[in-house]
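What follows is a short report on a single structure.
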Number of protein chains: 2
Amino acid sequence: MDSGPMAPRRGRPPVSDRQRQRRRLDISRHAVRLFAEQGVAATSGGQIARAAGVSERTLWRWFPSKESCVEPLLTQSVAAFQEVLHAWPPEADLTEHLRAAYRPAPDASSAGDAEAVLTVIRMTRDEPALRALYLVLRERAEETFAEVLAGRAGGSADLLDVRMRAATMSAVLKVATDDLARAVAEKGITPEALRRHREQLADALSHVTRGL
Amino acid sequence: MDSGPMAPRRGRPPVSDRQRQRRRLDISRHAVRLFAEQGVAATSGGQIARAAGVSERTLWRWFPSKESCVEPLLTQSVAAFQEVLHAWPPEADLTEHLRAAYRPAPDASSAGDAEAVLTVIRMTRDEPALRALYLVLRERAEETFAEVLAGRAGGSADLLDVRMRAATMSAVLKVATDDLARAVAEKGITPEALRRHREQLADALSHVTRGL
DNA sequence: AGGTTATTGGCAGTCACTGACAATAAAGTG
DNA sequence: CACTTTATTGTCAGTGACTGCCAATAACCT
């Protein structure tokens with residue numbers, strides 16, 4: 001793979017992954033707002049591109065479909081849970097850990113994003129394409145769950161038992177999150193709703209990790 | 001809703017649901033064969049329509065997208081499991097019931113369909129659109145699971161706990177089925193592979209229904 | 001046969017998305 | 001600063017999935 005001594009880089013450097021993520025996230029916010037305002041079908045790719053200040057061609061380079069524009073926002077929210085899970089101390093009970101660590105980041109943009117994410121999840125009820133995307137993202141996260149579980153059990157992440165537990169965690173998280181999205185539909189995200197959500201999750205997941 | 005005495009029906013009667021399902025299933029078989037032979041991207045809607053002996057316009061009336069043409073076949077296989085679950089006697093253990101009742105229908109067309117279904121599931125690895133559709137179908141089946149579970153527990157099907165158990169069953173079934181699809185990739189469906197699959201499923205699901 | 005309704009087929013159109021290429025931006029080098 | 005090199009963007013024309021519209025036909029009735 002390596003071909004001798006590195007020649008010093010020449011020409012324009014490629015954009016960093018960091019930059020990529022930020023730009024995709026920016027487009028994602030515009031797309032979600034437009035989808036929420038006027039529906040997915042009524043929102044064109046050109047419209048999203050214009051809102052994000054980019055040409056339509058570039059939009060299609062960054063996203064394979066207009067529905068997939070919601071992906072960065074949703075993924076970001078899934079990633080938050082993944083981080084909590086990674087931070088799960090080996091000796092602790094998952095229930096206790098979630099109660100302690102599963103709190104929303106309190107900065108303003110996160111709060112806005114959280115509302116946006118739940119809005120999208122609510123939209124998936126009537127927008128099949130969004131639901132499909134959402135389920136694919138959730139399944140993608142199962143791999144991370146499997147790695148964490150495998151690390152604890154000392155097994156491999158592709159053992160059937162580990163994959164089943166990971167899929168189960170994902171399923172529980174999905175139901176709990178859908179429930180949260182419905183619960184906050186009218187009054188917005190309240191600390192009380194979050195607390196209920198956290199408790200439901202902690203309770204259900206404790207059953208999953210029981211025989212670990 | 002009812003507007004007086006039924007006038008005797010006039011004109012051509014609408015197609016029965018039975019007929020609809022059979023025709024969709026027929027198209028589905030052709031679509032899956034073409035997808036498997038040449039890939040999804042290389043298969044056009046017109047091609048599927050021609051193979052099924054119908055005009056392209058009609059194909060789009062029966063299916064909202066070319067990928068969704070695989071739906072009837074997949075749904076049929078999910079329905080088989082749903083029937084087994086419905087037949088679950090109230091006093092029996094789920095493990096025992098599955099060992100006794102979860103057998104493939106032995107007729108020829110079912111066997112061919114079963115191979116086709118597993119082929120599609122294997123294809124979902126590299127075809128994101130198919131994976132998305134597959135996950136949506138699986139989630140749709142959760143409602144049935146919830147009804148069965150609710151009937152046993154005496155609760156309502158939209159209780160959070162019931163929905164979580166249903167989603168968990170669905171997740172376990174998904175992982176087990178993906179595993180089966182991989183296992184039979186080379187040698188085709190063997191009785192031994194089916195036995196293993198059934199045992200894995202029965203074992204995992206017994207944990208799910210433990211506290212019922 | 002003739003009336004009535006459900007379904008189909010053909011045709012034109014829209015729009016998501018792609019390939020190819022010119023234009024521009026962001027570096028390094030003299 | 002001029003010049004080279006590479007990464008990214010924009011423009012434009014094209015493809016193909018999918019829809020609306022309407023005429024044609026099929027299936028049932030009297």
Side-chain angles (χ1 to χ4, degrees), chain A residues 3 5-28 30-32 34-35 38-71 127-130 132-133, chain B residues 3 5-28 30-32 34-35 38-71 127-130 132-133:
Chain A
S3 49
M6 287 287 183
R9 274 212 55 77
R10 321 229 337 163
R12 174 179 182 167
V15 291
S16 68
D17 284 0
R18 210 66 190 167
Q19 283 292 330
R20 280 186 160 267
Q21 284 190 2
R22 291 179 66 85
R23 292 197 60 179
R24 279 173 56 91
L25 192 56
D26 179 59
I27 295 176
S28 190
H30 286 288
V32 166
L34 290 171
F35 285 163
Q38 47 189 4
V40 177
T43 304
S44 73
Q47 215 172 342
I48 301 175
R50 226 176 306 119
V54 79
S55 90
E56 190 174 347
R57 185 61 183 90
T58 328
L59 178 73
W60 298 131
R61 271 206 203 85
W62 289 61
F63 295 95
S65 70
K66 65 174 180 179
E67 291 86 4
S68 68
C69 290
V70 307
E71 192 242 89
E127 301 273 6
L130 289 190
L133 195 95
Chain B
S3 49
M6 287 288 181
R9 274 213 55 77
R10 325 224 338 158
R12 174 181 182 166
V15 176
S16 71
D17 284 359
R18 210 67 190 166
Q19 283 291 330
R20 281 186 159 265
Q21 284 191 2
R22 293 178 69 83
R23 292 198 57 181
R24 279 174 54 92
L25 191 56
D26 179 57
I27 295 176
S28 190
H30 286 288
V32 166
L34 290 171
F35 286 163
Q38 47 189 3
V40 177
T43 304
S44 73
Q47 215 171 345
I48 301 175
R50 225 174 309 121
V54 79
S55 89
E56 191 175 348
R57 185 61 185 92
T58 335
L59 178 73
W60 299 131
R61 269 205 207 84
W62 289 65
F63 295 95
S65 69
K66 66 174 180 179
E67 291 87 4
S68 68
C69 290
V70 306
E71 193 241 86
E127 301 273 5
L130 290 189
L133 194 95

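All figures in this text were calculated on a predicted structure; none of them were measured in a lab.
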Are E67(A) and E127(A) close enough that some pair of their side-chain heavy atoms sits under 4.5 Å apart?
-> no

How long is the gap from CH2 on W62(B) to CZ on R20(B), to the nearest 0.5 Å?
-> 5.5 Å

Heavy atoms under 4.0 Å, any strand shown: does R23(A) hit a base, just sugar-phosphate, or nothing?
-> sugar-phosphate

Please name the pair of heavy atoms, one in V40(B) and one in L130(B), separated by the smallest distance, quoted to 0.1 Å.
-> CG2-CD1, 3.8 Å

Tell me, please, the opening and closing nucleotides of DNA chain D, 5' to 3', among those with an atom under 4.0 angstrom from a non-hydrogen atom of chain B.
-> dA17(D) to dC29(D)

Judged by nearest nucleotide, the residue sitting upstream toward the 5' end of DNA chain C, P14(B) or T58(B), is P14(B)

Do T43(B) side-chain atoms and G39(B) backbone N/O form a donor-acceptor pair below 3.5 Å?
-> yes

Range on DNA chain C touched by chain B, heavy atoms, distance below 4.0 Å | dT4(C) to dC11(C)

Result for 5'-nearest mapping on DNA chain C, choosing between R57(B) and P13(B), is P13(B)

Out of curiosity, T58(B) OG1 to R23(B) CZ, how far, rounded to the nearest 0.5 Å?
-> 7.5 Å

Which heavy-atom pair separates A31(B) from I48(B) by the least distance, and what is that distance?
-> CB-CG2, 3.9 Å

In short, A52(A) meets D26(A) closest at the heavy-atom pair O-OD2, 4.4 Å

Audit row: W60(B), K66(B), side-chain contact (heavy atoms from CB on, under 4.5 Å) steps and yes/no | CA-CA 8 Å; W60(B) 299 131; K66(B) 66 174 180 179; 4.0 Å; yes

